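The structure displayed is predicted, hence computed values, not measured ones.
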Amino acid sequence: CLASGQIMISTVGDADGNGGKSGFILLDGEDFSIKGNWEEGDKVAPFGYDFWYQPRHNVMVSSEWGAPRAWKGGFKLEDVKAGHYGSTIHVWNWRERTLRQSINLGAEGMIPLEVRFLHDPSATEGFVGCALSSTVFRFFRKPDGTWDAEKVIAIPPKTVEGWALPEMPGLITDILVSLDDRYLYF
């Protein structure tokens, strides 16, 4: 929910289930009618999933899952290799509703899902959990105003049989920052 009373929902791909275009839909907070897209301009993220905004700092950070066409049929390693899953977080200008910067987390940041800023409204940092890589990245604003990310947690995989890979990642699918910003749970 936004301060305006509208509801914002992240989309994960285009109408045909492809990646390449995601965005944010605005709904009226009373009758749930579609008001339109939140984002402005032609620059969009290829995949969508979660987002968290800090209006005090004029920023929103969003994450990527993958093309609906890929995950609807079940996980296949060839879809990862073909680029149908994301590895990037996106930094948006909150007031202008435009994509400002994209940060590719690389092979150690495959399928970044849950985005969490610290609760302190003056903080300019947060975390994103990356499911397939079993990692957590800290994202932060640098002194020059651009944003960056660094890997801060890596969970080792387990050897398994009967899965798509010989080793199964920890599959971090959710993260939570304690209200006092001292602990990160996953």
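Between His90 and Glu64, the side chains place a donor N or O and an acceptor N or O closer than 3.5 Å (distance only, hydrogens not considered).
With Ser87 contributing its side chain and Met110 its backbone, the two residues share no donor-acceptor pair below 3.5 Å.
Asp50 has a carboxylate O that lies under 4.0 Å from a charged side-chain N of Arg116, or vice versa, which qualifies the two as a salt bridge.
Between the OG1 atom of Thr124 and the CD atom of Gln54 there is a distance of 9.0 Å, given to the nearest 0.5 Å. Taking CG from Leu26 and NZ from Lys35, the interatomic distance works out to 9.5 Å, rounded to the nearest 0.5 Å.
Aromatic ring centroids of Trp38 and Tyr53 lie 6.0 Å or more apart.
Residues Ile103 and Val59 share a hydrophobic cluster, clusters being chains of Ile/Leu/Val/Met/Phe/Trp/Tyr side chains in contact below 4.5 Å. Note on Val177 and Phe186: same hydrophobic cluster, where clusters join Ile, Leu, Val, Met, Phe, Trp and Tyr whose side-chain heavy atoms are under 4.5 Å apart, directly or indirectly. Two different hydrophobic clusters hold Trp52 and Ile175 under the rule that ILVMFWY side chains link at heavy-atom gaps under 4.5 Å. One hydrophobic cluster holds both Leu118 and Val152 under the rule that ILVMFWY side chains link at heavy-atom gaps under 4.5 Å. Linking Ile, Leu, Val, Met, Phe, Trp and Tyr whenever their side-chain heavy atoms come within less than 4.5 Å puts Leu171 and Val160 in one cluster.
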Problem set entry | Full working for ring-ring contact (aromatic ring centres under 6.0 Å, His included) between Phe24 and Trp92 | CA-CA 12 Å; Phe24 306 91; Trp92 300 80; 5.4 Å; yes
